[in-house]
K.L.:
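Here you go, one structure.
Small disclaimer: the values here were computed from a predicted structure and weren't measured.
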Amino acid sequence: DAKTETEIVPVKSGRGRPKRDPIELTIPDIEFSVGELAEKNNVQYVIAYQFIKANEGTKIVHKRSERRNAKGRETAIYSKM
């Protein structure tokens, strides 16, 4: 009977952020930090950070050294491969 059978319907969850396509950023030829990369490409720091983390260790960027200011934490310096 069609009246007694139940149909399973997938329910779309409204939780979470919609997935975005990855953004291609222009990588400088000189050494740079995440903040400098964000400033050069006119994007938010978070976008530049996610780009670095996704491409770190690949043939796009790699970590070179760290730069320390008088106060605060070291700043990671990256370079183009």
K.L.:
Salt bridge (Lys or Arg N to Asp or Glu O under 4.0 Å) for Glu36 and Arg67? Distances and angles first, verdict last.
P.N.:
CA-CA 13 Å; Glu36 293 165 352; Arg67 178 175 56 203; 3.3 Å; yes
K.L.:
Minimum heavy-atom separation for Phe32 and Lys80, please, with both atom names.
P.N.:
CE2-N, 4.1 Å
K.L.:
Hey, is the main chain of Val61 close enough, under 3.5 Å, to the side chain of Asn55 for a donor-acceptor pair?
P.N.:
no
K.L.:
Does one hydrophobic cluster hold both Ile47 and Tyr78, with members joined at side-chain heavy-atom distances below 4.5 Å?
P.N.:
yes
K.L.:
Would you find more than 12 non-hydrogen atoms of other residues, nucleotides or ligands less than 6.0 Å from Glu56 atom CD?
P.N.:
yes
K.L.:
Drop me the distance from Ser79's OG to Lys63's NZ, to the nearest 0.5 angstrom.
P.N.:
12.0 Å
K.L.:
Tell me whether the count of non-hydrogen atoms from other residues, nucleotides or ligands lying under 6.0 Å of CD in Gln44 goes above 12.
P.N.:
no
K.L.:
Enter the distance from Ile27:CD1 to Ile52:CD1 here, rounded to the nearest 0.5 Å.
P.N.:
6.5 Å
K.L.:
How many angstroms lie between atom OG of Ser33 and atom CD of Glu66, to the nearest 0.5 angstrom?
P.N.:
12.0 Å
K.L.:
Hey, could you give me the CG/CG distance between Leu25 and Asn42, rounded to the nearest 0.5 Å?
P.N.:
11.0 Å
K.L.:
Looking only at heavy atoms, which two atoms of Ala38 and Tyr45 are closest? And how far apart?
P.N.:
CB-CA, 3.9 Å
K.L.:
Out of Leu37, Asn41, Val46, which one pairs with Phe51 under the side chain to side chain contact (heavy atoms under 4.5 Å, CB included) rule?
P.N.:
Leu37
